[in-house]
Amino acid sequence: MIDALRTIGLDIGVSDGGQTITVNNPATPTTSAAQHDPHSLFIANSGTTIRFLTAALSAAGGRYKLHGVPRMHERPIGDLVDAIAPIIDGKIEAESANGCPPVVIDSAGWQAGEIQVGGSVSSQYLSGLMMAAPIGSAPAHSGPAQSGPARTTRIAVTGELVSRPYVDMTAKVIESFGGKVTTVTSGLAADQSIAFDIASSGNTDGYGYRGLDYAIEPDASAASYFWAAAAISGGSVTVTGLTHAAMQGDVGFVDVLKRMGCKVDEDDNGITVTGRPLRGVDIDMNAISDTVQTLAVVALFADGPTRVRGVAHNRFKETDRIGDLACELKKLGATVTEHEDGLTITPPVDGTKGLTGAVLETYHDHRMAMSLSLAGLRIAGVKIKNPSCTAKTYPEYFADLEKLIGRSHHWSREA
Ligand SMILES: O=C(O)C1=C[C@@H](OP(=O)(O)O)[C@@H](O)[C@H](O)C1
Ligand SMILES: C=C(OP(=O)(O)O)C(=O)O
């Protein structure tokens, strides 16, 4: 994301060892519909980046080609492109089969009008459009520091909306930066499940938002691995800085661990999970789908099967997080049944004794590496291939895990 934004001319400072990011709004527009060659933006395999930028850049105007690694070109973005096409002043296209990136944009901004977007594949399409709306509807969307009334943009979701907590988080962040979000649940067309009216406050520094100092919450999806470590090992782990008051839905992972038998204690500083004998659960994880892999590994150590539902969209992530996950869990000795919307993990009849070490593939997926490594807390001989793929969200993951188990950090070259 940072590289892409720098490519289009934004001044971005990174300090405090990556903990502070400063974004300076350019004094003059860096892009325009008149520019000759499109900006070529390499997005690797970050769905969040390509989806948020597709929306924002089409709203800001200019010419762009957003592309990535081969897997990125298999991750659907057609619902987002179809949502933008009717309102773009210009052209937007997804170039790969089945509406996948590269995405080519030639835009002079958005025209007024209601936007309709499908919500069943990813919430990132809706979040991207919501964040882009104040840009697309700013009095002069191609230039900063304009004043005057901004229009309100309605974005309606057709069909199911997955990963809902991320959308609520998007709405809160937009409001923090000066936008206004109104949730609409009545008076919608029959095929619409929800809508959001988005306006900029009018009192902004440019592009529909105002700048401010903003503290980002600790990463609840990353915290899930350490709470799971407690569940698997029978130990006790406190993650500080996260409570149920956080915006992130993934804090709800501790509630799943509680249902499985863990003790969960919360105070103002954080949440402590203490492992106890675990029982399998039947659980809908639509709202917290990034923690499915974590839960699947915990499920190996439970008494009875665990059925995960509501996450058909996990097949479109960094890798197929249902099929590829099932494949790796089977190598450890579990019986795994794939369903269209999730999976059932049945541990061996003789429990942990029936589990076995294995060399596990990670499919360039940080969450596959982080979650599968937890199996090694109870099973000897678990090896994780390409562990450095955790760099996507958590470069120090293995060092922190080793700190937790009291072992000094080293990379093994054998796997
Ligand atoms: O808005 C976001 O930052 C995200 C939304 C979710 O994606 P989906 O809506 O595609 O499930 C989540 O899984 C992803 O890791 C991050
Ligand atoms: C945000 C994630 O991935 P992506 O942006 O590629 O969907 C993730 O897995 O946490």
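In each ligand, atom 1 is the first atom listed, and ligand 1 is the first ligand listed.
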J.: Is it true that F52 lies under 4.0 Å from ligand 1, counting heavy atoms only?
T.: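 Yes, that is the case, since the closest heavy atom of the residue is under 4.0 Å from the ligand.
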J.: Of all the non-hydrogen atoms in the protein, which one sits nearest to atom 16 (C) of ligand 1, and at what distance?
T.: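 The answer is Q124 NE2, 3.5 Å.
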J.: On a heavy-atom basis, which atom in T390 and which in H366 lie closest, and how many Å separate them?
T.: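 The pair with the smallest heavy-atom distance is CA-CB, 3.7 Å.
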J.: Please work out which of the three classes, parallel, tilted or perpendicular, describes the rings of Y397 and Y225, given edges at 30° and 60°.
T.: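 The rings of Y225 and Y397 stand perpendicular, inter-plane angle above 60°.
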J.: Working to the nearest 0.5 angstrom, can you tell me the gap between L343 CG and N314 CG?
T.: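 CG of N314 is found 9.0 Å from CG of L343.
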J.: Any idea which protein heavy atom is nearest atom 15 (O) of ligand 1, and the distance to it?
T.: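 It is D290 OD2, 2.6 Å.
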J.: Evaluate the criterion side chain to side chain contact (heavy atoms under 4.5 Å, CB included) for residue pair R259 and L257; output intermediate values, then yes/no.
T.: CA-CA 5 Å; R259 274 187 56 189; L257 293 180; over 6 Å; no
J.: Verify side-chain hydrogen bond (donor to acceptor under 3.5 Å, both in side chains) between H339 and T344, making sure each step is shown before the conclusion.
T.: CA-CA 8 Å; H339 309 283; T344 302; 2.6 Å; yes
J.: Please say whether Y166 places an N or O atom under 3.5 Å from an N or O atom belonging to ligand 1.
T.: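 No; every N/O pair is 3.5 Å or more apart.
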J.: R367 heavy atoms, cut-off 4.0 Å: which ligand 2 atoms fall inside?
T.: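 This gives 8 (C), 9 (O), 10 (O) as the contact atoms.
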J.: Have a look at ligand 1 and work out which part of S122, if any, has a heavy atom under 4.0 Å from it: side chain, backbone, both or neither.
T.: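 Both the backbone and the side chain of S122 come within reach of ligand 1.
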J.: Name the orientation class of the two ring planes belonging to F177 and Y214 (parallel below 30°, tilted from 30 to 60°, perpendicular beyond 60°).
T.: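 F177 vs Y214 ring planes: tilted.
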J.: As a check for students: among K317, M131, H313, identify the option with a heavy atom nearest to atom 7 (O) of ligand 1.
T.: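 Comparing heavy atoms across K317, M131, H313, the nearest one to atom 7 (O) of ligand 1 lies in K317.
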J.: Around atom 4 (P) of ligand 2, find the nearest protein heavy atom and jot down its residue, atom name and distance.
T.: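 Answer, as residue, atom name and distance: G47 N, 3.4 Å.
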J.: Any non-hydrogen atom of R321 lying under 4.0 Å from ligand 2?
T.: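 It does; at least one heavy atom falls under 4.0 Å.
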J.: May I ask whether S46 has any heavy atom positioned less than 4.0 angstrom from an atom of ligand 2?
T.: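 Contact check S46 vs ligand 2: positive.
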J.: What part of Y125 sits under 4.0 Å from ligand 1 if we count only heavy atoms: the side chain, the backbone, both or neither?
T.: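 Contact part for Y125 vs ligand 1: neither.
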J.: Taking heavy atoms and a distance under 4.0 Å, where does M169 meet ligand 1: side chain, backbone, both or neither?
T.: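 The answer is neither; M169 stays 4.0 Å or more away.
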J.: Applying side chain to side chain contact (heavy atoms under 4.5 Å, CB included) to I92 and V104, what does each step give before you reach the verdict?
T.: CA-CA 6 Å; I92 182 166; V104 179; over 6 Å; no
J.: Search all heavy atoms of R378 against all heavy atoms of I232 and return the closest pair with its distance.
T.: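 For R378 and I232, the tightest heavy-atom pair comes out as NH1-O, 2.7 Å.
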J.: Could you tell me which atoms of ligand 1, counted from 1 in the order shown, lie closer than 4.0 angstrom to a heavy atom of T48?
T.: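 Answer for ligand 1: 3 (O).
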J.: Could you tell me which atoms of ligand 2, counted from 1 in the order shown, lie closer than 4.0 angstrom to a heavy atom of N45?
T.: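 Here the atoms of ligand 2 in question are 6 (O).
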J.: Identify which of K317, R75, H366 has a heavy atom lying nearest to atom 7 (O) of ligand 2.
T.: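 The nearest heavy atom belongs to R75.
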J.: For the residue pair K258 and V264, what are the closest heavy atoms and their distance?
T.: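 Closest approach of K258 to V264: CB-CG2, 3.9 Å.
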J.: Taking the non-hydrogen atoms of R51, is any one of them nearer than 4.0 angstrom to ligand 2?
T.: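 Judged by the 4.0 Å heavy-atom criterion, R51 does not count as contacting ligand 2.
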J.: Would you list the atom pairs, donor with acceptor, under 3.5 Å between side chains in residues 69-86 and any protein atom, with sequence neighbours excluded?
T.:
| from | atom 1 | to | atom 2 | distance (Å) |
| --- | --- | --- | --- | --- |
| R71 | NE | K317 | O | 3.1 |
| R71 | NE | E318 | O | 3.2 |
| R71 | NH1 | E74 | OE1 | 3.2 |
| R71 | NH2 | R315 | O | 3.0 |
| R71 | NH2 | K317 | O | 2.8 |
| H73 | NE2 | G68 | N | 2.8 |
| H73 | NE2 | G68 | O | 3.3 |
| R75 | NE | F316 | O | 2.9 |
| R75 | NE | K317 | O | 3.4 |
| R75 | NH1 | N45 | O | 3.4 |
| R75 | NH1 | N45 | OD1 | 3.1 |

J.: Where the closest heavy atom to atom 2 (C) of ligand 2 is concerned, which of E318, M72, Q293, R71 has it?
T.: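 When every heavy atom of E318, M72, Q293, R71 is considered, E318 comes closest to atom 2 (C) of ligand 2.
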J.: Would you say S127 has any N or O atom under 3.5 Å from an N or O of ligand 1, going by distance alone?
T.: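 There is no such contact.
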J.: Ignoring hydrogens, what is the shortest heavy-atom contact between L188 and A195? Give both atom names and the distance.
T.: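 Looking at all heavy atoms of both residues, the closest pair is CD2-CB, 3.6 Å.
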J.: Tell me which protein heavy atom sits closest to atom 1 (C) of ligand 2, plus the residue, atom name and distance to 0.1 Å.
T.: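 For atom 1 (C) of ligand 2, the nearest protein heavy atom is T48 OG1, 3.2 Å.
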J.: Between T240 and G270 (side chain of the first, backbone of the second, donor and acceptor by atom type, cut-off under 3.5 Å), is there such a pair?
T.: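 Not confirmed, T240 side chain does not pair with G270 backbone.
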